[in-house]
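Hydrogens, waters and symmetry mates are skipped; everything else that's a heavy atom, side chains included, is used. For clarity, every value in this text was computed on a predicted model and none was experimentally measured.
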Amino acid sequence: MYPSYTRRGDHVIKKEMIAMLLAGGQGSRLGVLTSKVAKPAVAFGGKYRIIDFPLSNCINSGIDTVGVLTQYQPLQLNSHIGIGVPWDLDRNIGGVSVLPPYEKSKGTDWYTGTANAIFQNIDYIDSFNPEYVLILSGDHIYKMDYEVMLDYHKSNNADLTIAVMPVPIEEASRFGVVITDDNGRIAEFEEKPPKPRSNLASMGIYIFTWKVLREALIATGDVPNCDFGKHVIPYIHERKQPIYAYEFNGYWKDVGTLGSYWEANMELIDIIPVFNLYEEFWKIYTKTESLQPQYVSGEAKIERTIIGDGSEIYGEVYNSVIGSGVTIEPGAVVRDSIIMQNAVIGAGTQLNKAIVAENVRVGAGAQIGVGEYAESQLDKKVYAFDLVTIGANSVIPEGVTIGKNVAISGVTTAEDYPDGALPSGGYIIKAGDK
Amino acid sequence: MRAVGIVLAGGNNKRMKELSEKRAIAAMPIAGSYRAIDFVLSNMTNSSVNKVAVLTQYNSRSLNEHLSSSKWWNFGRKQGGMFLFTPTITAENSNWFRGTADSIYQNLHFLKTSHEPYVVIASGDAVYKLDYGKVLEYHIEKKADITIVCKDMPEGTDLTRFGLVKTDDDGRIVDFEEKPMVGSYSTVSCGIYIIRRRLLIELIERCAQEDRYDFVNDILIRYKNLKRIYAYRMEGYWSSISSVDAYYHTNLDFLKPEVRNYFFKEYPNIYSKVDDLPPAKYNPGSQVRNSLVSSGSIINGTVENSVLFKSAFIGTNCVIRNSIILNDVYIGDNTVIENCIVESRDTIRANTSYIGTPEDIKIVVEKSERYMI
């Protein structure tokens, strides 16, 4: 007789719920900010990256097993996540696992849709034998206790619970909305309805009973571009299985466009911000590269600004969000801007309403974000928010004048600026990717 | 590196006044985001000394909390690692550590079971960067029995709190004075020693047999004519936190660009425990000049020539000048603080003032009720 081995799911180390975090999308509406990095790895709020928020929510909610599905430009994301030390997700059993697409004996597929990515990782989920699976996306800024949502899911004996948020009814037509009965059970879905019958917008956060999701994935997962909203949820809904809406009333922001990304950053500098990072009991964790305090020189002026570790400020900064390791040289004036990790703003440079990505070097004496607004010549939909957007590792030569609503990516030299200027709405893309 | 490390972090010092009531000197906060022991631990790990014992005794709660994980200094390894030794009662011994040599003696097992041929002994209360590998090369080249890292102090330094050495032309130490009232020499011992492991075990065991407990008096000074004791002169910044005045000035030294760049921007890095605090916030009305500000701080008032440690809250219309505000301090509106060290977790009421003088830095310990955060 062979001894009968128990599986890990049969005993105490069974994971009741694990999370799957969808972090593979490009986020093309962030323009040059995501030309070299996936959207979840874009810096946010001075020292964080967008993915820190769902990862911190997981560990703060007691979820210690998270699969992160990556596909588009994963280098930055991989090195940020590592083995999960900053989030306490370095575990003997579980912890964080980065799950890229992989080769199979029969054909090799990219992740063609959100549900297809989970479908291709059924084995990963099965290995933890969970009761429930939490599906998250890596591009939302919020604090949420998923355990409370799970309690709600269990108390309803639901097969699927969707987190929803009340939005003003006039804006509801921009979202997928759900129509519920008095008990919170979802009767109908409407995707971007012209005349919405409900103001409850789906937040893209789902708790599935794993048995139900597994079956639905096997039935639908092979469909081209298999998507939760378009295929999996309708499949479950058609079978009249119980789907409930979990109403969330806290702060939640989709930072999918340059406008909403800029706004969400700027909300952090209010005197008492709606989204409070200073709460002891719900910390947001991130990989900390610099530890040292920031230095503010004798000539510096700073108001209504948050600044990350190790930055050195010699100039003036107003209404801005400054990352870690940033240098603002003497005489530079920064207003209404976001400056990410390790960027340098040269002496005497004026910077207005700009998003400056990581490691950017702006030369001395430049004028950026000046003149009259003009529509973007590169992409009217992406660059529609009157923001100067400068991609990671770009270089701006000294003394140039740059208009409003401009996009720049790559190492630019004085030759790229005819008459030393780039007019409003213009662009210089040198890195190859648009 | 062919050495193990021993960090002596048990000490207390009356000259630190109220600041040492809460913690061992090795746990004193330095430069906004660090603690004193971070410097020696970072030097160890940067010199590839991968197995380090930290000996603590005096009020070690704060220190133990800081050393809660060895991973911050890259000591979370299978080979080597960080070992924390506090006094324990054993079948043979129920004493506290009676001195530095005794603290090593009570943990001699650590040395006996190591295989590295050398030992680096360093105190946990100095701020410096040093490659112990260079000291070991010197030690081997000089065929020394013990090498002491020393520093030539500029004229006019108060030397009464240091051990002073005199060397011959080769660098061998010919005289050693421990904390003399009037010093004869201007070269001080930095409290960093390299010695062959077997020799150290032998010296420490003999010391214990004779009921002697102090490493400096009972080994270095007693053996100075018998053993070849050499001085390695270090360059660069070195400061020992042994008085309130030294502590205050060490922190303010970090406002100088050369000191800041040396520690923060030049490799190798100094590591510390990560606290996951949000970015510092400058509200309307904040005026910060020539100061260091750490993460988690919120500033509504004026701060000049000062060092703010983590999570400081400075109220509206406050004026903070030439002061050091330790971790997690709340300062109410309209308060004036000059030439002070404000103890960590203090809550200072609105409309108060605390004024020290540059010669007599005031230590503020004020535990009022905290109504809001």
Side-chain angles (χ1 to χ4, degrees), chain A residues 44-48 52 56 59 83 85-88 90 265 268-273 275-280 283-314 317-327, chain B residues 29-34 38 42 69 71-72 76 251 254-257 259-261 263-265 269-300 303-313 316 328 372-373:
Chain A
F44 182 87
K47 63 186 284 189
Y48 306 100
D52 293 333
S56 300
I59 196 71
I83 58 165
V85 172
W87 305 272
D88 261 358
D90 51 327
N265 272 284
L268 297 173
I269 62 177
D270 292 340
I271 295 185
I272 297 173
F275 189 64
N276 190 351
L277 294 170
Y278 294 78
E279 285 171 341
E280 261 299 301
K283 274 189 180 177
I284 303 301
Y285 301 96
T286 188
K287 186 177 165 194
T288 308
E289 275 153 22
S290 41
L291 292 161
Q292 66 265 38
Q294 51 202 256
Y295 175 72
V296 183
S297 86
E299 312 84 70
K301 289 189 183 134
I302 310 173
E303 264 192 338
R304 275 177 60 81
T305 291
I306 58 172
I307 303 180
D309 302 312
S311 291
E312 303 227 326
I313 313 293
Y314 298 91
V317 186
Y318 305 102
N319 302 326
S320 296
V321 174
I322 312 290
S324 305
V326 171
T327 306
Chain B
I30 301 283
S33 323
Y34 302 90
D38 289 336
S42 301
S69 168
K71 63 185 167 190
W72 312 123
N251 274 300
F254 280 82
L255 295 178
K256 298 173 190 160
V259 175
R260 212 166 53 239
N261 290 342
F263 281 102
F264 295 163
K265 295 206 167 157
N269 293 339
I270 304 297
Y271 309 102
S272 187
K273 185 176 146 189
V274 173
D275 260 349
D276 296 288
L277 291 163
K281 190 154 182 281
Y282 298 76
N283 282 334
S286 77
Q287 284 194 8
V288 182
R289 292 193 201 95
N290 190 36
S291 295
L292 287 172
V293 178
S294 307
S295 50
S297 293
I298 301 178
I299 304 170
N300 298 291
V303 179
E304 282 179 15
N305 308 322
S306 297
V307 179
L308 302 190
F309 283 74
K310 295 172 189 170
S311 296
F313 180 92
T316 312
D328 196 16
M372 61 161 287
I373 294 179

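Of the two parts of Lys71(B), only the side chain, counted from C-beta on, holds a non-hydrogen atom closer than 4.5 Å to a non-hydrogen atom of chain A. If you measure heavy-atom distances from Ala280(B) to chain A, the contacts under 4.5 Å come from both the backbone and the side chain. For Tyr314(A), the part lying near chain B is the side chain, with the backbone staying farther off; criterion is any non-hydrogen pair under 4.5 Å. For Ile313(A), no part sits under 4.5 Å from any heavy atom of chain B, backbone or side chain. Only the side chain of Thr288(A) comes within less than 4.5 Å of a heavy atom of chain B; its backbone N, CA, C and O stay farther away.
The two residues Ile306(A) and Lys281(B) come nearest to each other via the heavy atoms CG2-CG, 3.6 Å.
A salt bridge is defined here as a Lys NZ or Arg NE, NH1 or NH2 lying under 4.0 Å from an Asp or Glu carboxylate O, and Glu312(A) with Arg260(B) meets this definition. Salt bridge Lys47(A)/Asp309(A): present, at least one basic N to carboxylate O contact under 4.0 Å.
Heavy-atom pairs under 4.5 Å with chain B peak, among Ile284(A), Leu291(A), Asp270(A), at Leu291(A). Per-residue heavy-atom pair counts under 4.5 Å with chain B were compared for Pro293(A), Gly46(A), Gly298(A), and the maximum is reached by Pro293(A). When the candidates Asn319(A), Ile307(A), Leu277(A), Leu268(A) are compared by the number of heavy-atom contacts under 4.5 Å with chain B, Ile307(A) comes out ahead. Most heavy-atom pairs under 4.5 Å with chain A, from the set Asn269(B), Asn300(B), Ile298(B): that is Ile298(B). In terms of heavy-atom pairs under 4.5 Å with chain A, the best-connected choice from Gly32(B), Ser294(B), Ser311(B) is Ser294(B).
Annotation for Lys301(A): atom NZ does not count as buried by contact number, only 12 or fewer foreign heavy atoms lying within 6.0 Å.
Between Phe264(B) and Tyr34(B), the ring planes lie parallel to each other; the angle is under 30°, not in the 30° to 60° tilted range.
With hydrogens and angles left out, the side-chain atoms of Asn290(B) and Tyr295(A) include a donor and acceptor closer than 3.5 Å.
In this structure, Ser295(B) OG and Phe309(B) CZ are separated by 12.0 Å, a value rounded to the nearest 0.5 Å.
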